[in-house]
Each structure stands twice: as structure tokens, then as C-alpha cells.
Amino acid sequence: MGVRKALTGNYAISYAVKLAKPDVIAAYPITPQTSIVEKLSEMIESGELDATMIRVESEHSALAACFGAAIAGARVFTATSSQGLLYMHEIVHWASRTRTPMVMAIVSRTINAPWNIWPDHSDFMDQRDAGWVMSYAMDNQEALDLTIQAFKISEDPSVYLPVMVGIEGFILGHTTMPVDIPEEHAVREWLGPRTQGYVIDGDSPIALGGLTMPEDTEDMFYGIQEAMNEAKKVIREVNEEYNKLFGRRYSGLVECVGCSDAKYVAVSMGAWSGDLIEAVEKLRSEGYPVGAVRIRYYRPFPVEDIWEVARGVKGILVYDRSISFGSYGPIYTDLVGGLATYTRTLPYVSNIVAGIAGVNITVDDFYKLTREFIEVVENGGQPPGFRWVRVRR
Amino acid sequence: MSASRPKPPIPYRMRDVVLPGDAACPGCPIPMAWKVLSAVFGDKMILIIPACCSSVVVGTYPFHSLKTSIVHVPFASAAAVASGVAEALERRGIRDVQVIAWAGDGGTADIGMASLSGAAERNNNIIYIMYDNEAYMNTGIQRSSSTPLGAWTTTTPIKGKTEAKKDVAKIMIAHGVPYVATASVAYPHDFYNKLQKARGIKGFRFIHLHAPCPIGWRFDPKYTVRIARLAVETGLWILYEYHDGKLTLSSPSRAYIDPGKRKPVEEYLKLQGRFKNISREQVEEILRHVEMNWEWVKRHM
Amino acid sequence: MGVRVIQPKVGVLPLTRPGEGVAGKTGSWRTEKPVVDQGRCTRCYQCEIYCPVNVIRVEPETGAVIDYEYCKGCGVCADVCPVNAISLVEEVR
Amino acid sequence: MLYEILFFGRGGQGAVTAANILVEAAMMEGKHGQGFPFFGAERRGAPVTAFARISDKPILRHGMFSEADIIVVLDPGLLDLGVVKRGVLRENGVVVVNTEKDHIPPGSLNHRGRARIYRVDATRIARELGLVIAGWPVVNTSMLGALAKATGLIGVESVEKAIGDYFGGKAGELNKLAAERAYGETKLVLEV
């Protein structure tokens, strides 16, 4: 079996990448991502990892170089945050629309200006329409496990889409926790050699991404939507295989705590889900019939999984750590839209946007906000549909 | 025009890769240059093409007009994608395939400059060819930093460009890369020899290829080669190689080190509608730049 | 490092393969047609080297032969011919 | 039981490293842990805060906190500056201070209820062992030894093993020795 090490979330990702044995890594420094690629550079220079590091001059080139290496048959990895991810955005789309398997870690940091290095989900959410499979970890162990799984999912012929794995900067990125690192050989055997739908290596004269008429392009984009649907199945299978091989207990696209008898559910994603689960457990111990739904995979959006637990509940409270200005939190809009495809009578679905720009939200905050929501509904009232909970009011 | 007989095997291997019936405008020199590439590399090349005329020239899904591999990439990313492809090939032990970034002047001198500079500084194992038609032709003739002084474009519609042409080859020399050359579509043998030379060198190689555009430069398409040749014969476009810290003047340009041998620059300008409104002062300024360029070349020989 | 190429189970890849006439029979674009005077042709290859559409073949026996199916009629061949063996005539259809 | 621990030090004294080594030591005892720096930019010499959580159950909560069960002060000057008062010590909390003096001004602490205050002269231990880097006595490993003694939260053997793993070689040996000596020299100076 593997070993247990005390690792930051960033290092947990570095170790996961090492186990997946990429051929090429290209990255550019940005706080709070940098220590992932610093660690990988150290692994490469010490000979621990046989890979090529392309030390590029920008994030745009980081993902472009990864894209180039990937289509030429290399397993690749990069990582970034915030402005860096925004700078990459063009290539983010290029990678998915060419069905290029690759893995990128996003160490979330809010989008600037003003300068701010603290985490919310705005950088991650900015990529939500880009055709990447998107997962988000709750703790460092999951950061490692999701990163390893990302390679498997990305290279599955039913998927062939790039995968991004998110963690919050600092909250996981710079926080040391014990992490079980699986045995290298077992991971490599499970992942197997790199798989992709085509390879551009000069062996046959194919061209990628040339001018395409609307109807043909639409067919290609439709295929991405189909691949996203396939990805749901693949993610569940990969999870099960991984659990069995490495002794984990992950659920599929979402994780539910106390949902079986819940009349209310609180939905969240990321590290603060842990705080929310703690609050929900406290509420349950006090007799409140509430469960917590944690989103592990945001794309494809796990609406079926949420419907499973949400059908028949009286209220759903969605915690978003980013805001689509002029609209709502993105998880909320995805959830309401998704549930509306199942039913014409939705329960109360409320949205709380909080923790924006790195504002700390505690177990206590979750406890109070969730209890308040339940009590309003129980007392026959109507909870506010949308609230932006700020520390300074 | 000289009647020198070409040395085989150029014309024969030129037949291999470029398929007829592409989407280039009549007289476009892009496929001419590809024929020379094919003479050197056959189909063992991967062209990395950012947004430019070439993205369109090769045709529409599900076919493309070159019997070789192409990767179409976003505007600013040619050098970076090429770096990635080259590193992957290296790791896979594929040595007989040349990765070539093929980008226009906009994709090189403007939006692609950072990624170009990055790849050059890293000395990634690629050949970067900037085919320079001196404006954004694919979007309809807008000014680039490589547009020459005085030239009309749709974004310099009345006064013409008021600044001098950016000298990208010099910028690349300053990067200390192993090989930099200038070339012209009018001199395919010279271009061929430079590609052959570049082929034998490992690391980052840059070729700045002068490529007149009949549409954007406003001339009869049959004059593509004539105009490209005039650029050299007037001394405006100097063909040279820079290798191992030494600059070598290429044979087509050798005579023109003597200003007396150069044709009058007006012969070049008057054939092109884009210089219709160029002022006397601008012509003087161009001549001053020509002189400065030659002085620079002499200093580095 | 190994790489396995397996077709995707769903979707269409944005890949193309080489083909002639990606822009159609480009011979129809011509307004002028280059005509070779074989008696004058010296087999110097200039027209073949420069032809942007790659439709001219020079063979020692035949001299320059133009494939009019794709020739766009740009006239470059006529301009580069050192012995004026190619003339441009108005296209008549 | 979840313990939350605040480390107050100055940039360069290794408060963050101390938090991380503590997590490793807890891990060796089968416990769960989190160790992290203040989320932001900190500069050498300026006051810094590091955080740790240790629990026998998986830790769900994340992020910084200002209330703690244990406060570790790496630099006595921070007491006078009022920096330590930024952390609120919970009922029955423990404070461990690096100081040569037995007198700790009670007003320099912020405690909810009863508290026990321990001290150790970690600076002297570091100097005697030659643990000085770029002019700075390395006190963090001594303070971990003192923490083990004062709280019993973690065995000093685990602390020493984690220190050895973290530094390795001669530095590891010296730092283990520092922790061991601090463990022996730590004493209770005040109960409030």
C-alpha cells in the first residue's frame, strides 16, 4: 500500500500528478498555485519524475504548450489560478473543442481587480461553459484522489474531454493535512498508457481544427454535450474502481450527508462543504431534518443525483461562493434549471451567496443561516430567494 | 528575369505536398512557399498555424489542401503549441518529423510576440516561419507592426502608416537563437537552402519570409514574384542568415551591398496601389531606413 | 511513453484529411488563361516552381503542361517565364 | 475532541513550519490535523500567525480562526506588542511562551476563563545548540517540545520523529535535541 504524508493541498496535487506520470508539464507561476509546479519542478530535477517541464512565459502559453504536447501523444498537466486562468481562457475552449484529454488544477482565487489573492469560486465558474469536466475537492485527500481520477476520466474514449480539478487557495492549497498517497505502480497500472482519439505526430497527414461550416461545427459541439452525458457514467465507474483499488469511500458526482430522511437539503461545493456538513450534523443532532449535498463534479452538472435526494423535500438552500453579477450564484441557477426539467412544482429553492473574495464563513455562520431557512419554511413563511450574505452589512 | 536552370530535386519534390484547388486568392505566394517546405521536408512536417490567411487557404472541413499534418491554433499561441508538440515528439523518440510554426506577420510581430519570444528564449526545437505580407490580410488589410511606412491599409486609409516596419528578424537575433534568416518567395532556391540549413540545426530557428499579397498591396496577381524580387533588387529586403553569431549575406542580395547596383526604390513602390499616396518625405525616410539596415548588415558580417 | 489512439465513442472530431479541390474546381475562377508555346519552352522549371496552385508540370519530353481544372489564371507563370513562352489569353467559356 | 492551536511569531521564526510539523506528529499518532499559515502575504520580521487543528476524528471545518484552545508564543516581544491578545483563549486553555522570564503580564493575554501559562527559554536552547540561521535563533522546534509537555496533546516522541522527518540529517538531530530539552525545561508559571 501507499504511504501517509502531511501535505498541503497544492502538494497533494503535485503527488497525484507524479503518480499519473505525465510526459509534459507546462506552467507559469501565480499565487496561490505556484507551489504545485515548484514541487513538480523539484521532482523532475531530482529525477523522481521523468517528465519534461516547459517553463513558459505566460498562462496562455502554458495551456497552449500542454495542448500541443497532448495532441502529439503526451500526457500533460498544468495548474493555475484566477487571472492566469482568465488569460488561458481562449485555450481552455480550444482544448475541449478539439476533444483533447488533459488535466489542469485550479487553485481558486477570486477574480481581480482590486488585487486580492483570497479564494472564492469565481475563477473556476468563469470556465463553466468551456466544455471541461470540472471537479472540486473538499479536502487535501480528495484533491489528490480527484487529480488521479481526472486523468482516467479525461482519457476515457467515452469522454475525451479535458478535466479541471479545483481547490480553494490557502484553505486547502496552503493547508497541511495528512494524505494517503497510493502506491505508484498501482496508479500507473490502473491508468494505463495514454489514450486519445487522434494523435498528430507526422505519421498520417491529418489536420486539426480547420475552418468548418456551421452544420458540421454544430455536430462537433453536440458531440461534446453527448460526451458530457457519457462522462456521468464514466465518473461513477471510475469512482467505484478507485474506491475498490485504493480503499476510499467516495460517492459519485455528489456526496450526501444525512439526506435519506431529510426534509431540507443544503447544497455546496468545495472546502467549506466540510464546515457546512459540520453545521448540518449539529442541526440534525438538534432534531432538524436537514441533509447536506456536496457537489464533487460541477460539470457535467449532477442534476439527476440532486433530484434523487431533492424530490419530496420542502426546501433546498444553495450556497454559492461566486456570483454571476446581475443574476445569482451559478450552482443555484444550474440547480433550479435542472430540477425544472423534472418537475413543475419545485420546493422552496433559495440561494445564499457568501464567502466572496475570500471572506471567511464559519461553521457557526452555516448553522445560523441553514437553521433560519428551515425555520422560516416551517413557520409557513417564504424564505428570500436570494441573499448575498456579507460580513459587513 | 534570369534563366538559370533550377537544380533538381526541388521541382520534383515540390510536387508532393501542395494539392491543387486550395482556397488561396490567385497569385497568393503562401502555397508557393509551402512547395519549398515540401521540397525539404516532404510530408514529414507538422505545421502549426495560428489565425491567418493560411487557416483559410487550406480549405474547409472535412478536407485540407496539404498532404501533411496541420494544427490550427488560436492567434497568439503558435510558438507555444509548437513547443508542446516538439517536446512530445522528443519524448516519444520521433526525430524525423519537423515541427514548423507557420504564422503571418500579425500572429508573429504583434499578438504572437510574447509566445514567440518565450519559445525562442527556451530554445525549443522548432522552425518558426513568419510569412510577412505586411498587414492583417485575412481580416481585410489592417495595419500590423510589420506594415511598412507609408503603406495604405484599411486602418491607415488616408495618411498611410506613419511608423516604420518592425524588424522581427533583428529581434530574434537579439534572443541569441541558433539560426535566423530572412527569405523571399521570389527566391525559392535561397529559401530551400535556408530550410536545409535550419533542418540540420537543433533548437529554435526563425525564418522571416517576405510574401507580397496581391489583394492587400494592390497589384496584378501575376506580379507576385516580380514585386517580391524587386524588394530585394532595390535593397529594401535584405536576404541573410545569422548563425553562430555571424551574419552571412545570401547570394541574391550580395550585389546590392553596393548602392549603385540597387534598382530605384520607386520601381518597387509604383507597382503597388498601397503606396499610391506615399509622400516624398516618406520615400526619403524609407531610403534612410534601407541605408541604416545595410549599415547594420555590414557591421555584423 | 506509449499512446493508444482509440476513436471516441461519441461525437465528431474536428479533423480533416488531405484532398484536392478544397475550394472546388478553381479553374472556374480564371478570367485569363495561360497558354504555353511548347516550341519556345526551354524546360527551365520556373513556371512549375512558382505556380501557386501547383498545377504546372514540366517534363523533358513535353515541356510545361498546365492542369486547367485547377489553374486560377493568376498569371504568375507568364510573368516568371524567362523566354515569354507563356501568354495570357482571355478565358472563353 | 478538536483542538485549535494558534502560533504567534515573527516572520522567519518558523511558526508555519511548527504548525505543519505538529500535524505530522499528530498523524503519526493516528490523529487528524490541519496546519496552515495566515492566508495572505507576510514579511520577514513582522508578526506572523500560524494555525493548527488536531483531532481524533476527521476535521471538517476549514479556514482561519481567532479562538483557540492552545496559544504558542514564539517571541516574548509579541506579548508587549499586544499581538497575542488577538487570539482568544478558550476556557481551560493553555499558553506556551518562549521567554527567559517567569513573569508573564496577565494583561497581555485574552482568555475566556481559566488558563494555564507555561514558559520555556527556547531562544537560549537554540543558541546553545547552535541553531541560528541568518542571525535568527530557530525556536519553533523547541516550542513544539514545550507544547507537548504543557498540553499532553501529543507525545514528545512523535514530535521528535516528525522533526527528524522534516529536517533530516544533522539539522534534524539538533532540532530533535532542542525539542527534547525544551520538553524537559518547560514549566508552569501562572494559572489564572
Side-chain angles (χ1 to χ4, degrees), chain A residues 21-24 50-52 69-76 94 96-101 131 155-161 188 192-201 203-212 215-231 233-234, chain C residues 1-34 43 45-60 62 64-77 79-80 91 93:
Chain A
K21 195 168 170 16
D23 307 293
V24 173
D50 176 22
T52 299
I71 58 171
R75 186 171 282 165
V76 303
W94 208 273
S96 57
R97 286 164 203 262
T98 50
R99 303 290 298 274
T100 308
E155 293 179 17
D156 191 301
S158 298
V159 181
Y160 284 155
L161 289 172
R188 287 189 190 170
R194 161 109 178 147
T195 306
Q196 55 193 70
Y198 59 92
V199 60
I200 296 192
D201 56 9
D203 195 41
S204 65
I206 49 173
L208 174 67
L211 186 67
T212 304
E215 294 77 6
D216 293 321
T217 309
E218 189 183 38
D219 280 351
M220 293 168 192
F221 293 172
Y222 186 77
I224 294 173
Q225 180 75 354
E226 284 188 303
M228 278 285 179
N229 280 330
E230 293 291 314
K233 205 166 66 201
V234 172
Chain C
M1 71 182 252
V3 53
R4 290 178 305 178
V5 177
I6 302 172
Q7 285 290 301
K9 294 223 175 87
V10 291
V12 183
L13 294 172
L15 294 175
T16 60
R17 53 200 168 80
E20 265 188 26
V22 294
K25 302 288 186 208
T26 48
S28 65
W29 298 9
R30 278 195 310 274
T31 53
E32 285 182 310
K33 181 178 180 176
R43 281 80 167 147
Y45 292 99
Q46 294 289 313
C47 54
E48 175 169 345
I49 289 169
Y50 287 108
C51 172
V53 203
N54 211 3
V55 291
I56 305 181
R57 294 285 175 267
V58 179
E59 301 296 347
T62 58
V65 176
I66 299 173
D67 174 0
Y68 291 109
E69 199 174 3
Y70 291 113
C71 165
K72 296 173 184 169
C74 67
V76 163
C77 52
D79 198 55
V80 297
E91 182 66 50
R93 283 177 219 279

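Every heavy atom of this structure was used, including side-chain atoms; hydrogens, water molecules and symmetry mates were not.
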*Identify the residues of residues 66-77 of chain C whose heavy atoms come closer than 4.5 Å to a heavy atom of chain A, ordered by number, or report 'none'.*
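Result: none.
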*asked:* For the CG atom of A/Leu208 and the CD1 atom of A/Ile200, what is their distance to the nearest 0.5 Å?
replied: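 So the CG of A/Leu208 and the CD1 of A/Ile200 are separated by 4.5 Å.
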_Value rounded to 0.5 Å, distance of NZ in A/Lys21 from CZ in A/Arg188_ =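 Reported value, rounded in 0.5 Å steps: 5.5 Å.
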Under the 3.5 angstrom rule, does the side chain of [X] hit a backbone N or O of [Y] as a donor-acceptor pair?
{"X": "A/Glu230", "Y": "A/Ser158", "result": "no"}
{"X": "A/Asp23", "Y": "A/Arg75", "result": "yes"}
{"X": "A/Gln196", "Y": "A/Pro101", "result": "no"}

*Are there more than 12 heavy atoms of other residues, nucleotides or ligands under 6.0 Å from atom CZ of C/Arg17?*
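Counting neighbours around CZ of C/Arg17, 12 or fewer heavy atoms of other residues, nucleotides or ligands fall under 6.0 Å, so no.
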*Select one option (side chain, backbone, both, neither) describing which atoms of A/Tyr198 are under 4.5 Å from chain C's heavy atoms.*
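Answer is both: backbone and side chain atoms of A/Tyr198 are under 4.5 Å from chain C.
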*Region of A/Thr195 that comes under 4.5 Å of a non-hydrogen atom in chain C*: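 Both backbone and side chain of A/Thr195 come within 4.5 Å of chain C.
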_Derivation of the side chain to side chain contact (heavy atoms under 4.5 Å, CB included) call for A/Met220 and C/Leu13_ = CA-CA 6 Å; A/Met220 293 168 192; C/Leu13 294 172; over 6 Å; no
*So which of A/Gly223, A/Gly210, A/Pro157 has the largest heavy-atom pair count under 4.5 angstrom toward chain C?*
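So the answer, after comparing A/Gly223, A/Gly210, A/Pro157, is A/Pro157.
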